[in-house]
Trainee: 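Can you keep this structure in mind? I'll have questions shortly.
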Amino acid sequence: MQKNEHKVVSTALLAWYDVHARELPWRVSPSDRQAGVVPDPYRVWLSEIMLQQTTVAAVKDYFHRFTSRWPTVQDLAAARDEDVMGEWAGLGYYARARNLLKCARQVTQAHGGIFPDTHDGLLTLPGVGPYTAAAIASIAFDRSETVLDGNVERVMARFHDIHDPLPGSKPRLRDLAEEHTPLARPGDHAQAVMDLGATVCTPKSPACGICPLMPDCQGRLAGTAAELPKKTPKKPKPTRYGYAYVARDAGGGWLMERRPDKGLLGGMLGWPGSDWSEKPSPNPPFEADWHDIGAEVRHTFTHFHLHLRVLTAPMPDIAAPAGLHIVAKHDFRPSDLPTVMRKAYDLWRDH
DNA sequence: AAGTCGTGGTG
DNA sequence: TCACCAAGACT
């Protein structure tokens, strides 16, 4: 329940939001909602999945393409797996795309195309965790649930001058965020805190001078705002190496693999290759005089750097080796590839 | 319950 | 250049 001394905060925040809310493709503005416009749960859900660990700028074009191609959750549920994975290519965290499809089919088949309208109901959906369930419940269904994402953590740590490092301080920050959550306009409140965190209370050099919460911000008063929240240091990233093999058959088809659902780049299209390790074993898909194109892909994943050498050879008139298949010339779209594979293609094309 | 899982922008 | 960072979920 909201503490009385925090009511002035949420009031100031909502007043700020009424003026400064960004126009976003999935957002119903405060004035439009006041006029009776209701958010579409499908669009709220889709946007929140895309926004997990991903910036608004990166999401916008993907959101437009998805909603143009699949306007409703039933449309998405009926899509082919490879079409959804191809449309998601480049956005990253591909488990989201696999769970997106699972979720769309679950909502369509088990719920008649209607999203659950409670936090606990939403939590049962694949790809929907504590944050996303609270976000959808508050934004789409006007329920007073507390969202806790990186923005909210940062705003709370600064406003209350919390110096304990994340992730250990998370329960404390959650308690504080719950105290700020209003019963009225919970969705606007949630989006207001996140907008504030993204545009004013930014990780580096926060714009305290224009912040609506500045008068009561303990971090600002203590002069510690910019260095909060503290975080436990991360491990350094090792560098791994590998080989990728780009081969075309006589008809211009490409020899490719569909990666297994589990693990890195799961479910995505890619070039056959070696393992990625400190000392990779060459693993060409067929015997040939493989030509090293003389350039290597450099790509950084969440927890390691990768140097990938690209080799090429014409493919003889044989069947595709086990686990691989030919993507016909006119079915091949570089935009279907995850970025690291796209980089290998670009190097091949330019060699 | 730490580790895994992408990518592009930023300072 | 490079570490850090983003509207986290899953195992």
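Each chain gets a letter, A, B and so on, in the order its sequence line appears, and its residues count up from 1.
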Trainee: Where do R174(A) and E178(A) land on the salt bridge (charged side-chain N to carboxylate O under 4.0 Å, His left out) test, with the steps shown first?
Mentor: CA-CA 6 Å; R174(A) 164 166 286 286; E178(A) 285 175 358; 3.4 Å; yes
Trainee: Closest approach to the side chain of Y131(A), judged atom by atom: which nucleotide of dA9(C), dT4(B), dC5(C) is it?
Mentor: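 Between dA9(C), dT4(B), dC5(C), the one nearest the side chain of Y131(A) would be dA9(C).
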Trainee: Pick the closest DNA chain B nucleotide for K204(A) and for T300(A) by heavy atoms, then say which residue is nearer the 5' end.
Mentor: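 That would be T300(A).
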Trainee: Quick test of your reading of the model: are R185(A) and D18(A) salt-bridged, counting only N-O distances below 4.0 Å?
Mentor: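 Yes, this pair counts.
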Trainee: Identify whether V297(A) and L255(A) are in the same connected component of the hydrophobic contact network (ILVMFWY, side-chain heavy atoms under 4.5 Å).
Mentor: no
Trainee: Return whichever of P229(A) or L148(A) has its heavy-atom-nearest nucleotide of DNA chain C closer to the 5' end.
Mentor: P229(A)
Trainee: In whole angstrom, give me the gap between the P atoms of dG6(B) and dT11(C).
Mentor: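 Roughly 14 Å separates the two P atoms.
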Trainee: Ignoring hydrogens and geometry beyond distance, is the side chain of Y93(A) in donor-acceptor contact with the base of dG6(B) at under 3.5 Å?
Mentor: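 A donor-acceptor contact between them is present.
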Trainee: Between R342(A) and Y345(A), is NZ or CZ placed under 6.0 angstrom from the six-membered ring centre and within 45° of the ring axis?
Mentor: no
Trainee: Would you mind classifying the nucleic acid contact of K237(A) as base, sugar-phosphate or nothing, using non-hydrogen atoms under 4.0 angstrom?
Mentor: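 If one applies the 4.0 Å heavy-atom cut-off, K237(A) turns out to touch nothing in the nucleic acid.
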Trainee: I want to confirm an ordering. Mapping S205(A) and A95(A) to their closest nucleotides on DNA chain B, which one lands closer to the 5' end?
Mentor: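 Here A95(A) is the residue nearer the 5' end.
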Trainee: Rounded to whole Å, how long is the line connecting atom OH of Y62(A) with atom P of dT7(B)?
Mentor: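 Rounded to whole Å, this separation is 9 Å.
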Trainee: Does any residue of residues 334-348 of chain A have a heavy atom under 4.0 Å from DNA chain C, and if so, which ones, in number order?
Mentor: none
Trainee: For residues 93-105 of chain A, run the donor-acceptor check on the side chains, cut-off 3.5 Å, and write out each pair with its distance to 0.1 Å, sequence neighbours left out.
Mentor:
{"from": "Y94(A)", "atom 1": "OH", "to": "G90(A)", "atom 2": "N", "distance (Å)": "3.0"}
{"from": "R96(A)", "atom 1": "NE", "to": "Y93(A)", "atom 2": "O", "distance (Å)": "3.3"}
{"from": "R96(A)", "atom 1": "NH1", "to": "I49(A)", "atom 2": "O", "distance (Å)": "3.1"}
{"from": "R96(A)", "atom 1": "NH1", "to": "M50(A)", "atom 2": "O", "distance (Å)": "2.8"}
{"from": "R96(A)", "atom 1": "NH1", "to": "Q52(A)", "atom 2": "O", "distance (Å)": "3.0"}
{"from": "R96(A)", "atom 1": "NH1", "to": "T54(A)", "atom 2": "OG1", "distance (Å)": "3.1"}
{"from": "R96(A)", "atom 1": "NH2", "to": "T54(A)", "atom 2": "OG1", "distance (Å)": "3.4"}
{"from": "R96(A)", "atom 1": "NH2", "to": "L91(A)", "atom 2": "O", "distance (Å)": "3.2"}
{"from": "R96(A)", "atom 1": "NH2", "to": "G92(A)", "atom 2": "O", "distance (Å)": "3.0"}
{"from": "R98(A)", "atom 1": "NE", "to": "D261(A)", "atom 2": "O", "distance (Å)": "3.4"}
{"from": "R98(A)", "atom 1": "NE", "to": "G266(A)", "atom 2": "O", "distance (Å)": "3.1"}
{"from": "R98(A)", "atom 1": "NH1", "to": "D261(A)", "atom 2": "O", "distance (Å)": "2.7"}
{"from": "R98(A)", "atom 1": "NH2", "to": "D261(A)", "atom 2": "O", "distance (Å)": "3.2"}
{"from": "N99(A)", "atom 1": "ND2", "to": "A95(A)", "atom 2": "O", "distance (Å)": "3.3"}
{"from": "R105(A)", "atom 1": "NE", "to": "A77(A)", "atom 2": "O", "distance (Å)": "3.0"}
{"from": "R105(A)", "atom 1": "NH1", "to": "D81(A)", "atom 2": "OD1", "distance (Å)": "3.3"}
{"from": "R105(A)", "atom 1": "NH2", "to": "A79(A)", "atom 2": "O", "distance (Å)": "2.8"}
{"from": "R105(A)", "atom 1": "NH2", "to": "D81(A)", "atom 2": "OD1", "distance (Å)": "3.1"}

Trainee: Round to the nearest Å and state the distance from H119(A) atom NE2 to dA9(C) atom P.
Mentor: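 Roughly 9 Å, once rounded to whole Å.
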Trainee: Going by the angle between their ring planes, with limits at 30° and 60°, are F159(A) and H180(A) parallel, tilted or perpendicular?
Mentor: perpendicular
Trainee: Does either side chain, that of H291(A) or that of T312(A), offer a donor lying less than 3.5 Å from an acceptor on the other one?
Mentor: no
Trainee: Give the nucleotide from the list dA9(C), dT7(B), dC5(C) with an atom nearest to the side chain of P203(A).
Mentor: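 Nucleotide nearest to P203(A)'s side chain: dC5(C).
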Trainee: For the side chain of L265(A), counting heavy atoms from C-beta on, which of dA9(C), dT11(C), dG6(B) is nearest?
Mentor: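 Comparing dA9(C), dT11(C), dG6(B) against the side chain of L265(A), the answer is dG6(B).
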Trainee: Any base atoms under 4.0 Å from G263(A), or only sugar-phosphate, or nothing? Heavy atoms, all strands.
Mentor: sugar-phosphate
Trainee: Considering every strand and a 4.0 Å limit on heavy-atom distances, what is the contact class for P130(A): base, sugar-phosphate, or nothing?
Mentor: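 It contacts sugar-phosphate atoms only.
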Trainee: How would you label the contact of V128(A) with the nucleic acid (heavy atoms, under 4.0 Å): base, sugar-phosphate, or nothing?
Mentor: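 Sugar-phosphate contact only - V128(A) comes under 4.0 Å of backbone atoms but never of a base.
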Trainee: If each of R22(A) and L125(A) is mapped to the nucleotide of DNA chain C with the nearest heavy atom, which maps nearer the 5' terminus, i.e. the 5' end?
Mentor: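 Checking each residue's closest nucleotide, the 5'-ward one belongs to R22(A).
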Trainee: Does any residue of residues 43-59 of chain A have a heavy atom under 4.0 Å from DNA chain C, and if so, which ones, in number order?
Mentor: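 Going residue by residue through residues 43-59 of chain A, the ones with a heavy atom under 4.0 Å of DNA chain C turn out to be E48(A), L51(A), Q52(A), Q53(A), V56(A).
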Trainee: Rounded to whole angstrom units, what separation is found between the CZ atom of R98(A) and the P atom of dC10(C)?
Mentor: 11 Å
Trainee: Scan G90(A) against the nucleic acid and name what it touches under 4.0 Å (heavy atoms): base, sugar-phosphate only, or nothing.
Mentor: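 Result for G90(A) = sugar-phosphate.
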Trainee: Centre-to-centre under 6.0 Å for F304(A) and F301(A), is that the case here?
Mentor: yes
Trainee: Just the rounded figure in Å: distance from P of dA9(C) to CH2 of W88(A).
Mentor: 13 Å
Trainee: Over 60° means perpendicular and under 30° means parallel, so classify the ring planes of Y245(A) and W290(A), tilted if in between.
Mentor: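 Because their plane-to-plane angle is over 60°, the rings of W290(A) and Y245(A) count as perpendicular.
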Trainee: Considering only atom P, compute the distance from dA6(C) to dA1(B) and round it to an integer number of Å.
Mentor: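 Straight-line distance between the two P atoms is 24 Å.
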